[in-house]
There are 2 protein chains.
Amino acid sequence: MEVKLPTFNSVFSIDCVIFGFEAGELKILLIERNEEPFKDWLALPGYIVEQDESIDDAAERILYELTGLRDLHMQQFHTFGEVNRHPQGRVITVAYYALIRINGQKEVKPVTQYAKSAFWHPVNELPKLAFDHSEIFETGFNKIRRRLNYQPIAFELLPEKFTLTQLQSLYEAVLNKKLDKRNFRKKMLSYGFLKELDEKQKGVSYRAAKLYKFDRRKYTKIFQNDLNLDK
Amino acid sequence: MEVKLPTFNSVFSIDCVIFGFEAGELKILLIERNEEPFKDWLALPGYIVEQDESIDDAAERILYELTGLRDLHMQQFHTFGEVNRHPQGRVITVAYYALIRINGQKEVKPVTQYAKSAFWHPVNELPKLAFDHSEIFETGFNKIRRRLNYQPIAFELLPEKFTLTQLQSLYEAVLNKKLDKRNFRKKMLSYGFLKELDEKQKGVSYRAAKLYKFDRRKYTKIFQNDLNLDK
DNA sequence: AATATAGTGTGTCAAATTTACACCATTAAA
DNA sequence: TTTAATGGTGTAAATTTGACACACTATATT
């Protein structure tokens, strides 16, 4: 079949808002750009979509190239299509978010030349970012804030085994408000998808807390009747 | 500043899922295509974004050209970017929804040649649509289903003056389940953003119901502290 | 050994919200 | 006048939410 489509000079890109949680603080991944425009500026990891890859595939590839991270569960959340959002031409960008356990070991590091470096930065006190990336970040942050209450996204940010206090402080960081400890625990445990382990926290200089695991099978069993919330 | 961007043959389009409510049924706008590919098929109103218009502007323009409808409050909900979703090349599409009062008078009618006709079709019993439009519709329908509970979208579908029974049957059509009349009314009225009018329904052959209006000012006053849910 | 420190883990009651449930009232048409 | 169709209303039980304080435990310090 012949291709009859108009051949505009339209460019598509992906930008990623990758959240992590470390030392009680919510962080996102930023890169230092190594290309014009906005050379040397801080930006969200993002790049151009190739002709022969779906946008979901592109999101994974681009994140990998700019940060070395793979196999995240990325979720599209908004498309930004203002005419002048890119100084060099028409670029429409699809924004994705993902959540990840920050692992002290695993260094984030660009695989391509497009970025000089990649690093975690607390979401409070973010500097001004390249392009409209500050707006993209805000939109994404609002998105996960809302989803926290009806999607099990918190557990993607925590280590596999976590204490209820860690879980609570994550909720507090995302929602930006204090929660009541007893009510929080009562509620979380009442859902029935947290599995209490026989293990305790280690290396703390105070009474060690019990560790829990998120039981995804139970979760989906409990919520299988809910509407599909993705997309 | 020189344009250095790659010049891929990427095409952007917009597709619209326009909901209406008539005779107790939820409907969407379909067009009959007048162009290859999928000539003569039914499809969502959609077309290609121009170089010099934002995607939000494009959505309004395209909807107008294909259906004659203007000034709807359109809301982006998802971007579809599979490589082979369009048989003639790479086309990424941003999907929008809008809600509108179906007005017996106001005929929907294409302004361009791209569509032969435009018409309302019940969301149950939808035929197979062109491209991946069936999937786009499903995604959009799920979206408004969810939003119904925390955005005042129901009122965009109803006439300015409506009865509580009409409001309830709209909720039932969107959520696809029966609701309890007394509880529904109690709840709706308790919000305080419905204004009871001194008027009654006319032309019915049974006891006429009171008419109500949605008071948007009160609504925003009540919910101004909520998170911004757009985007 | 005693003590200080820091965070863990737990229960109850009041208030608010949600749910289930049925019958008389009104209007127009037959 | 009767029938058909829908409008409009209240209460009680169950569930959920929200407020609230203190004893326990493990380690580090003296």
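Values in this document were obtained by computation on a predicted structure and should not be read as measured data.
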Just the table, please: protein N/O against nucleotides 28-30 of chain C N/O, every pair under 3.5 Å.
unit_1	atom_1	unit_2	atom_2	d
C:dA28	O4'	B:S205	O	3.4

With a 3.5 Å cut-off and sequence neighbours excluded, list the donor-acceptor pairs that the side chains of residues 116-130 of chain B form with protein atoms.
unit_1	atom_1	unit_2	atom_2	d
B:K116	NZ	B:D40	OD1	2.3
B:S117	OG	B:E32	OE1	3.3

Is [X] salt-bridged to [Y], cutoff N-O under 4.0 Å?
X      : Y      : value
B:K213 : B:E160 : yes
B:K195 : B:D215 : no
A:E196 : A:K210 : yes

Close N or O pairs between protein and nucleotides 11-16 of chain D (under 3.5 Å):
unit_1	atom_1	unit_2	atom_2	d
D:dT11	O4	B:K186	NZ	3.1

N/O donor to acceptor pairs below 3.5 angstrom from side-chain atoms of residues 61-68 of chain A, sequence neighbours left out:
unit_1	atom_1	unit_2	atom_2	d
A:R61	NE	A:E53	OE1	2.9
A:R61	NE	A:E53	OE2	3.2
A:R61	NH1	A:E65	OE1	3.1
A:R61	NH1	A:E65	OE2	3.3
A:R61	NH2	A:I48	O	3.0
A:R61	NH2	A:E53	OE2	2.6
A:Y64	OH	A:R70	NH2	3.2
A:T67	OG1	A:L63	O	2.7
A:T67	OG1	A:L69	N	3.2

Could you check how far [atom1] of [X] sits from [atom2] of [N], rounded to whole Å?
X      : N      : atom1 : atom2 : value
B:L189 : D:dG7  : CG    : P     : 14 Å
B:M188 : D:dT9  : CE    : P     : 17 Å
A:Q201 : C:dA6  : CD    : P     : 16 Å
A:D180 : C:dG11 : CG    : P     : 15 Å
B:K178 : C:dC21 : NZ    : P     : 16 Å
B:K200 : D:dA5  : NZ    : C1'   : 15 Å
B:K210 : D:dT9  : NZ    : C1'   : 10 Å
B:K181 : C:dC24 : NZ    : C1'   : 11 Å

**OP:** Describe the nucleic acid contact of B:T163 in one word from base, sugar-phosphate, nothing, applying a heavy-atom distance below 4.0 Å.
**Re:**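 No contact.
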**OP:** Applying side-chain contact (heavy atoms from CB on, under 4.5 Å), name anything that partners B:A209, two or more places apart in sequence or on another chain.
**Re:**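 B:A209: side-chain contact (heavy atoms from CB on, under 4.5 Å) contacts with B:T163, B:Q201.
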Output side-chain donor-acceptor pairs under 3.5 Å for residues 174-183 of chain A, partner residues at least two apart or in another chain, one line each.
unit_1	atom_1	unit_2	atom_2	d
A:D180	OD2	A:R182	N	3.2
A:D180	OD2	A:N183	N	2.8
A:D180	OD2	A:N183	ND2	3.3
A:N183	OD1	A:K186	NZ	3.4

**OP:** Check whether any side-chain N or O of A:T165 sits under 4.0 Å from OP1 or OP2 of C:dG7, and answer yes or no.
**Re:**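 It does not, given that no N or O in the side chain of A:T165 lies less than 4.0 Å from OP1 or OP2 of C:dG7.
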Original post:
When you look at B:T165 and B:R185, which way does the side chain to side chain donor-acceptor pair (under 3.5 Å) test go after all the steps?
Top reply: CA-CA 9 Å; B:T165 300; B:R185 286 166 178 242; 3.1 Å; yes
Original post:
Donor-acceptor pair, B:H133 side chain versus B:L44 backbone, under 3.5 Å?
Top reply: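 Such a contact is found between B:H133 side chain and B:L44 backbone.
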Subject >> 5'-most by nearest nucleotide on DNA chain C - A:R185 or B:R182 >> reply: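 Looking at the nearest nucleotide for each, A:R185 comes out on the 5' side.
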